Amino acid sequence: MLILYRIYQLFIGVPYIVLSTILTTMVIAIGSVVGLGRWVSYYPGKWWAWSILKVLLIPVKVEGREHLKKGESYVFVSNHQGAFDIFLIYGHLGRDFRWMMKYQLRKIPFLGYACAKCHHIFIDKRGASRIKKSYDQARDILRGGISLVVFPEGSRSFTGHMGFFRRGAFLLADELRLPVVPLTINGSFDIMPRTSRWAKWHRLRLTIHEPIHPSDDGDNVKRMMDMSYKAIESALVPEYQGFVENPDQ
């Protein structure tokens, strides 16, 4: 079965991903020119991610959408198990949002260009002024009524377990008095671990936890960060619960 799925990926999945990525980039580029900026910043990418999971025959289950209010901005924070996290969140979260991602992704052909045109935020840590510019952009987006999705670990897990969280997303949420919504991803590491070049068939599950609202009591940033970590870990399958240091953080 594994061999058959790899053959399917090679002749169906990979060509579809390449073609759909190019076409999605073209739609975004044209839409940006003709004044459809807000529309192309979300919908083409959503359909791209959703369709890739469909073509690769990956079943998806989403739990907890009832916790979100229509029209409200959130700072979503998620564990980062693997490359398929992107397809799962983009295709199935169901909210207009922007990613906060590593600046190195800007260099990926077609994908980096499309992300820039969609006004996703590239975090450049090569100096204080560049970091400040990235966070200023994030503030502008959140003030505009759009949500933000962040992987606070900063990089994909090598083991499927969670590493430590960085404070940036929680500082933004605290400053703008926005609720933080933890997201738990299960299955992405089983589909494609960081060290693998082939995907395996496995179910994906996205758990949307209850929003954590800002408070004026004590260290609000640490409180939201600790509560988010515990919420995300609580919905992980037992195999991947527990902290494991990620050397890439």
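No experiment lies behind these values; they were computed from the predicted model shown.
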- request: Determine yes or no for a side-chain-to-main-chain donor-acceptor pair under 3.5 angstrom, with Asn220 supplying the side chain and Pro214 the backbone.
  value: no
- prompt: Are any side-chain N or O atoms of Tyr5 and backbone N or O atoms of Ala199, one a donor and one an acceptor, separated by less than 3.5 Å?
  reply: no
His120 and Phe97 aromatic ring geometry - parallel, tilted or perpendicular at 30°/60° bounds: tilted
message: Please report the interatomic distance CZ(Arg98) to CG(Asp140), rounded to the nearest 0.5 Å.
response: 12.5 Å
Least distance between heavy atoms, Thr25 atom then Ala114 atom: OG1-CB, 3.9 Å
query: How about Phe87 and Trp48: are their ring centres within less than 6.0 Å of each other?
result: yes
- line: Between Leu93 and Arg65, the two heavy atoms sitting closest are O-NE, 3.8 Å
query: Any sub-3.5 Å donor-acceptor pair from His161's side-chain atoms to Gly242's backbone N or O?
result: yes
task: Taking Asp96 for its side chain and Tyr42 for its backbone only, find out whether a donor-acceptor pair lies under 3.5 Å.
output: no
query: Hey, does the side chain of Arg139 reach the backbone of Leu176 with a donor-acceptor pair shorter than 3.5 angstrom?
result: no
- prompt: So, the side chain of Trp39 versus the backbone of Gly31: is there a donor-acceptor pair under 3.5 Å, distance only?
  reply: no
- prompt: Could you walk me through whether Ile17 and Val55 pass the side chain to side chain contact (heavy atoms under 4.5 Å, CB included) check?
  reply: CA-CA 9 Å; Ile17 291 172; Val55 168; over 6 Å; no
task: Spell out, as yes or no, whether a donor-acceptor pair under 3.5 Å connects the side chain of Gln137 to the backbone of Ile121.
output: no
query: Between the main-chain N or O of Met192 and the side-chain N or O of Ser196, is there a donor-acceptor pair closer than 3.5 Å?
result: no
field: Heavy-atom donor-acceptor pair, His209 side chain to Ala231 backbone, under 3.5 Å
entry: yes
field: Phe189 and Tyr240 aromatic centres sub-6.0 Å
entry: yes
- prompt: Does Arg194 use its side chain to pair, donor to acceptor, with the backbone of Arg156 at less than 3.5 Å?
  reply: yes
message: Nearest 0.5 Å, please: how far is CG in Leu183 from CD1 in Ile232?
response: 7.0 Å
Residues Asp174 and Arg177 bridged, charged N to O under 4.0 Å: yes
